[in-house]
Protein chains: 2
Amino acid sequence: MDSASISSTPADLLRAAGIKVTPGRVRVLQALHGARQPLCHGEMEAQLGADGAAALDRVTLYRILDSLVACGLALKAVDTRGVFRFSAAGTPRQHANHIHFRCTDCGGVFCLKAEPPPPPKLPRGFRLGEVEFDVRGTCAGCSARERE
Amino acid sequence: MDSASISSTPADLLRAAGIKVTPGRVRVLQALHGARQPLCHGEMEAQLGADGAAALDRVTLYRILDSLVACGLALKAVDTRGVFRFSAAGTPRQHANHIHFRCTDCGGVFCLKAEPPPPPKLPRGFRLGEVEFDVRGTCAGCSARERE
DNA sequence: CCACAAATGCAACAGTGTTGCATTTGTGGC
DNA sequence: GCCACAAATGCAACACTGTTGCATTTGTGG
Ligand SMILES: [Mn+2]
Ligand SMILES: [Mn+2]
Ligand SMILES: [Zn+2]
Ligand SMILES: [Zn+2]
């Protein structure tokens, strides 16, 4: 059986990748696998702070993320605001086939029952990376509260 | 004849866009039109510093770039390092009804011959704000350079 | 030429990411 | 289990990119 199959624990993945298994790395990798969208450093810090365990140093978190990228367990990309976002590598994207609505009030992300629009035809020589259909507005809850 | 034709001077473009014609804006717009690639703030500062005229304040440059983007005379995108890069746009409004491709290598923005997809249907109570269709990848030039 | 909104310059600040270095910890070999 | 040592961590300081507040200057319509 593949040493990095879908049933591997974070610790297994780290061992298979040849880097030390530390509590911080395990927590970060868990968070990445549980995330439904790529997370930036700040979001990850908040999420790790909320899980009860001791907080991770800011710099250590940066270094952990870099180490995960270096060994291929995570992917790093820049968002439209210029902030780096990280996602677990090798995970099937369960949110790949529908689009999302982001509430600009509460920050919530909602899955919509609509497929992403097909990528457009590109000029010769261009290579397609990601296509992102970003729908923003206010969710039902926040809209209701606003009307009060 | 269109008031913002290809032979318009930077000053003409600024006037047509409805914002004040200032020496700084003229210089920045000239630099953008003369550039062969999208420029970041730092590169633009260096270039403006080298042209003999008085240096432009750092913050003023940021504000000039933002004002050019706001009135449609420039386009803004993020490069792979998370830095904003600016390029000259054609005439204002010209970019409303087609979508854009952003090169994640050089930060270039390219117009595609495709309409933006329609906004999706939202669940009850949700209110639509903006919809953004973001197509990213590597442009022909950067793809070619990468293969070397 | 004037009035006034808009733009500028400067100082201080904020967000995001990095570097240096002393200390702690995970791991392979015994 | 224990040790040695490289790797990882925590902390302070720093760097880069971009923003905000506010007093002063300037472009523009009348
Ligand atoms: Mn989803
Ligand atoms: Mn366009
Ligand atoms: Zn909401
Ligand atoms: Zn490119």
Residues 63-71 of chain B side chain polar contacts: donor-acceptor under 3.5 Å, at least two apart:
{"from": "B/Ser67", "atom 1": "OG", "to": "B/Arg25", "atom 2": "NE", "distance (Å)": "3.4"}
{"from": "B/Ser67", "atom 1": "OG", "to": "B/Ile64", "atom 2": "O", "distance (Å)": "2.7"}

Here the distance between atom P of C/dG17 and atom CZ of A/Phe84, to the nearest Å, is 6 Å
Discussion item. Checking the side chain of B/Arg102 only, and the main-chain atoms of B/Lys76 only, is there a donor and an acceptor separated by less than 3.5 Å?
Written reply: yes
In Watson-Crick or G-U wobble terms, with both distances under 3.5 Å, the base opposite D/dT24 is C/dA7
Answer for the Watson-Crick or wobble partner of C/dA12, both distances under 3.5 Å, is D/dT19
Using Watson-Crick geometry (N1-N3 plus N6-O4 or O6-N4) or G-U wobble (N1-O2, O6-N3), each under 3.5 Å, D/dG30 is paired with C/dC1
At a 4.0 Å cut-off to heavy atoms of chain B, the contacted part of DNA chain D spans D/dT17 to D/dT28
In whole angstroms, the gap separating P of C/dG17 from CZ of A/Arg58 amounts to 9 Å
Would you mind writing out the side-chain donor-acceptor pairs for residues 110-126 of chain A within the sub-3.5 Å range, not counting sequence neighbours?
none

Shared hydrophobic cluster, A/Val83 / A/Met44 (ILVMFWY, side-chain heavy atoms < 4.5 Å) | no
Of B/Val59 and B/Thr22, the one whose closest nucleotide on DNA chain D sits nearer the 5' end is B/Val59
Closest non-hydrogen atoms of A/Gln30 and A/Pro10, given as atom of the first, atom of the second and distance, are CG-CG, 3.6 Å
Counting any heavy atom closer than 4.0 Å, what does B/Arg25 reach on the DNA or RNA strands: base, sugar-phosphate only, or nothing?
sugar-phosphate
Notebook entry, point to check: For A/Arg15, which contact category applies under a 4.0 Å heavy-atom criterion: base, sugar-phosphate, or nothing?
Noted result: nothing
Between CG of A/Asp66 and P of C/dT16 the distance, given in whole Å, is 16 Å
Note: for A/Ala55 and B/Lys76 on DNA chain D, the residue whose nearest nucleotide lies more 5' is A/Ala55
* Is A/Val21 reachable from A/Leu56 through a run of hydrophobic residues whose side-chain heavy atoms are each under 4.5 Å from the next? -> yes
